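The next block holds one structure in the form of structure tokens; read it before the comments.
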Amino acid sequence: MFEKFRKKSPWILHYNAGSCNGCDIEILASLAPKYDLERFGIINTGNPKQSDILLVTGPVTLKSRERLVELYSQMPEPKVVVAIGVCTCTGGVFRKMYNVKAGVDRYVPVDVYVPGCASSPDQIIDGVVQALAILEEKSKDIEKPKRLFGELTNNSIFTNRREMAKKIKHEKN
Amino acid sequence: MKKIETNSENLKDDISAFYDYKIWHYITVNGVDLGDKMEIQYLFKKYGNKEEVVCYFLTMDYEKEIPSIVSIIPSAYLGEGEVVDMFGVKIKEIPKGLLLEEDSCQAPLRKAQ
Amino acid sequence: MKKTINIPYGSQHIALLEPVRFQFETQNEKIVGVKADIGYVHRGIEKACTSTFEYKQIPSVVARVCGLCAITHSLTYVMAVEQIIDVNVSEKAKYLRMLMVELDRIHSHMLCLSHTAENAGYEALFMQIMADREIIMDIQEAISGNRVQFDFVCIGGVNRDITDEIVKFIIKSLNELQPKIEDIFDMFENNWSLSLKYKGIGAITKENASIYNALGPLARAAGLETDVRAESDYYPYEKIGYKMILEQTGDIYGRNRVRLREILSSIDMIKNILCDIPEGNIIEKVKGKPNGESVARLEAPRGEIFYYLKGVKQAMLDRVRTKTPTFSGIPAMVEIFKGQEYGDVPAILASFDPCMSCTAK
């Protein structure tokens, strides 16, 4: 049930981590009637706890890095990160400036990279649609019966804490 | 650009004698690193008029402290804050940290680094 | 003394397009104190302009300060450089530059209007204005080849010429746009629920606007006569029918009216520009290295953009100072918030049209 709904109506969260606004207005334009990203059931929300897809723009500046990681960690699993714009992917023209680090993938794992300066709405829509496929795959992965497929090894099942401490200590050695 | 020289002692008197908020539009405070000392510029423009920009400037050593003009022009705290951050100079009652984080490069526009 | 409550607003918020953080100190619903934290987008472009890039490359670098007013940033920089290396730009290039600046103004104002409508709870109007805005984006794409970051101007002129077909296309699209803007104007003027959210909210007096150095539509809505287009003779704005647009109310309603009337007057100006574009080269050859100091000002959609340059006869400039409209607008914004209800904050903030990428650089 949830799997179906999640795919049909993913909610996106948009964070500007120091971009030039070019990609941000293109995201707005792609939500608007001419390109109409909302036909995929997508709605732009401001609440990280209810969103499935994180759209990041901008080469992460030193001041916004904590907020970005915080937003990412507040989102529930499964989640997909889309990096929009060339400066988000690699740093672009801002690379080597003193207050930015090159690219968003130094802070959060990125699933889809959308190039362009600024990315056109067509590219953004393509990126988000690819993200939908990844989202579906990830949610299937979560719901897979792991014990049945033998992916849960004995090492990670513990009956009490003392046993766990023993085993993990052993592994470290 | 019309340049008028002043110094840190006379700065507040000069600006308050000159500035009238009904006539003059305050543009910004600007800093230029001259290599061994700083030049701080205060830029103004007349409203509704095609005359050139007027610039009051003073030169100062890096370590010296200059007075703030916030009491005369209340919106100047942003421009002064930016100069403080970018050049690491001292202006009275203007704190650091408008734009920079603690672990980012301090005084990035200073030349002697 | 009543107890006050601090409410943070941002840096990520549904009503915010960009990261800025306000700390509101409220008493019941009323705001009594505001602190603004603007450094989220600081990247260090001024440093890169003097250490990484040569002066001929900088027009495309400063365009990335802000995507909404990219053309005005590179144009102001180019104007400042042209003063210190003595290039005479042809009249045709000047007209093409004016054309792009006015197009940029229209689409930026429309984005702001749609955002204001959305924050007053009017999602349908947001969609309508965004759909109409695409007409301007198509024109920009036809002229320059890109929708947002078009590196159209360069030192000595502009990069692309305009053809007769494009002129026809622009006039046809603008004729299409004009009645739509008039419809939106009517909506903003007469809609009852919008006027509840807009009239008398977020007002500033003319006196305060000039004390706190407000700029652009924010100042003109309060009746303060400040517009760089009227204060410089670099571009022949009088010839193409420029009129300063003033309102007296100073509230959100007044700011929206200024923007809508400016869109209409920009449409007229663009038509006049297209009628009398002179013949000539679009680009002049550039020789020499910049030497000396220069300043340049230009009216961006949000107010005055100011550039200060210093060159020392090298390919790298000695100092590039950018002063952007929102940066000087922040003190006036903070002043307006005091005494307003907390619930009106999104609508007021959207009506300032703040551009944080500009502010922090």
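Note that the coordinates shown come from a computational prediction; the quantities given were computed from them, not determined experimentally. Throughout, protein chains are lettered first and strands after them, A, B, ... in sequence-line order, and every chain is numbered starting at 1.
Looking at residues two or more places apart in sequence or on another chain, you find no ring pair (Phe, Tyr, Trp, His ring centres under 6.0 Å) involving C:F126.
For chain C, no part of A:T57 is nearby; none of its heavy atoms comes within less than 4.5 Å. Neither the backbone nor the side chain of C:D132 comes within contact range of chain A; no heavy atom of the residue lies under 4.5 Å from a heavy atom of that chain.
Listed in order of number, the residues of residues 25-33 of chain A that approach chain C to under 4.5 Å between heavy atoms are A:I25, A:E26, A:L28, A:A29, A:L31, A:A32, A:P33. Of all residues in residues 56-68 of chain C, those placing a non-hydrogen atom less than 4.5 angstrom from a non-hydrogen atom of chain A are C:V61, C:R64, C:V65, C:C66, C:G67, C:L68.
Rounding to the nearest 0.5 angstrom, the gap separating the SG atom in A:C117 from the CG atom in C:N146 is 7.5 Å.
With contacts defined as side-chain heavy-atom distances shorter than 4.5 Å, the pair C:I135/A:K34 does not qualify. In this structure, the side chains of C:I45 and A:M97 come closer than 4.5 Å at one or more pairs of heavy atoms.
When C:M127, C:R43, C:M130 are compared by the number of non-hydrogen pairs under 4.5 Å with chain A, C:R43 comes out ahead.
Within the structure, every pair that satisfies the salt bridge (charged side-chain N to carboxylate O under 4.0 Å, His left out) test and touches residues 104-120 of chain A, not counting sequence neighbours, is listed here: A:D111-A:K138.
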Step by step, would you call A:N21 with C:C355 a side-chain contact (heavy atoms from CB on, under 4.5 Å)?
-> CA-CA 8 Å; A:N21 277 353; C:C355 178; 3.6 Å; yes
